[in-house]
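Notes to accompany the following structure.
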Amino acid sequence: MFESDQETFEIETLAIRAGQARTHEQEHSDPIFATSSYVFGSAAEAAARFSGKTSGNIYSRFTNPTVRAFEQRLAALEGGERCIAVASGMAAIASVGFGLLKAGDHVICSRAVFGNTVMLFQNYFSKFGVEVSFVDLTDYDAWRDSIRDSTRFLFVETPSNPLTEIVDIARLAEIAHQRDVLLVVDNCFCTPALQRPLALGADIVVHSATKYLDGQGRCIGGAVVGGQALLDKEIYPYLRTGGPTMSPFNAWVFLKGLETLSLRMRAHSENALALAQWLEQQSWVEQVYYPGLPSHPQYGLALRQQVSGGGIVSFRVRGGQEQAWRIIDATKMLSITANLGDAKTTITHPATTTHGRLSDQDREKAGIGAGLVRVAVGLEHIADIKRDLARSF
Ligand SMILES: *Cc1c(COP(=O)(O)O)cnc(C)c1O
């Protein structure tokens, strides 16, 4: 359904309609295909499917109708030709690595990415002879100067976690493409409802579906989105043989999540902006980091590149760790957890949790001080979120 004229539909419509292939049962909602394998009409048909001469379901490690519906819907939202769903956000990043890299290759990664992404490149791909360099997200000269003949891709998250720095995706894509290097963007924080990296020149988008695509903190999943030829050649064979498969049940939950993605992202952004504006007026707050605030150093770029600021707000309090912990511990409603992208607001002290494994020096370099607090703003009423944050005063 829909595939031939996807481009004429708006994202809110695609999120609800794209990807569903109704069966002969004429079901209105997407079914869950809980089956590991499929039956062939004959030995010849089985042979044709396995060899790739004809298309169709073979085995749910790499072909499942519910998972495919999710893939087609997310591809439509990101404006990509192809999506490959996988078991987690980390499996998405690992699949890009396993698919694209060989010994002797080089990757350049933003310093400000998810901690496990750093570990994956630094501790695991390095074992297979892949070299990785880390650069500051917004230092374009460093990106350009770090590219070698062996560089395969650049890897970024924008906005960054937790300081919400933004990189100009189009500018970075140009730097990459001048040297025949791919640009990979982790679009977890914005989702396609707020930012579409492929349209700005990125080659591959990766997702942790666990976060906003689900939106209610239920399932773990991930996805890789990009051009058909690139993904069919480099990523799909890894899914088929490596097996980081998304379950049909999780795909169904994510399909339901996507239907409300635009509405939710708008509401997360509205709540987050209101909270950021309120925090800026509090005497106990030294600095607020939020791309939707005019005080954000890249406010102009944020306005151009994103529909709105997204759901993540960070702020630095006076009084360092002691004061930061006091605010966190005084909350009664907010969940003290490092997760994000949930209807429930969560609160984190990055310096001692998500970024606790960094050395003091690296943490200093990353700008993640002891007084920093990160809030992943949920969908509760904004008045209740503010009151909960102000309980210790
Ligand atoms: C959570 C997260 C990941 C990893 O996703 P999982 O689904 O937890 O494996 C990757 N990137 C970003 C930005 C994340 O927030």
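Atoms within each ligand, like the ligands themselves, are counted from 1 in listed order. What's counted below: heavy atoms across the whole structure, side chains too, no hydrogens, waters or symmetry copies.
- Residue, atom and distance of the protein heavy atom nearest to atom 4 (C) of ligand 1 are F114 CE2, 3.4 Å.
- Looking from atom 9 (O) of ligand 1 to the surrounding protein, the closest heavy atom is M90 N, 2.9 Å.
- A salt bridge does not link R152 with E131: every distance from a Lys NZ or Arg NE/NH1/NH2 to an Asp or Glu carboxylate oxygen is 4.0 Å or more.
- Checked for salt-bridge contact, D30 and R73 meet the test: a charged N lies under 4.0 Å from a carboxylate O.
- One finds a salt bridge joining R326 and E322 here, because a Lys/Arg side-chain nitrogen approaches an Asp/Glu carboxylate oxygen to under 4.0 Å.
- When only non-hydrogen protein atoms are considered, atom 6 (P) of ligand 1 lies nearest to G89 N, 3.3 Å.
- A salt bridge between D342 and K211 is absent, with no side-chain N of the basic residue lying under 4.0 Å from a carboxylate O of the acidic one.
- Looking at H268, its side chain never comes within 3.5 Å of a backbone N or O of L263 through a donor-acceptor pair.
- Heavy-atom separations between A91 and ligand 1 are all 4.0 Å or longer.
- Here the heavy atom of the protein found nearest to atom 15 (O) of ligand 1 is K211 NZ, 2.7 Å.
- Nearest protein heavy-atom contact of atom 8 (O) of ligand 1 is S208 OG, 4.1 Å.
- Below 30°, between 30° and 60°, or above 60°: for W278 and W284 the angle between ring planes is above 60°, a perpendicular geometry.
- Residue, atom and distance of the protein heavy atom nearest to atom 7 (O) of ligand 1 are T210 OG1, 2.6 Å.
- Distances between N or O atoms of I93 and those of ligand 1 include no value under 3.5 Å.
- Taking 4.0 Å as the cut-off between side-chain N and carboxylate O, K332 and D388 do not count as a salt-bridged pair.
- Close approach of ligand 1 to G221 (heavy-atom distance below 4.0 Å) involves ligand atoms 7 (O).
- Judged purely by atom type and a 3.5 angstrom limit, Q306 uses its side chain to pair as donor or acceptor with the backbone of S308.
- Residue D186 has at least one N or O atom closer than 3.5 Å to an N or O atom of ligand 1.
- Each of the atoms 13 (C) of ligand 1 lies under 4.0 Å from some heavy atom of E157.
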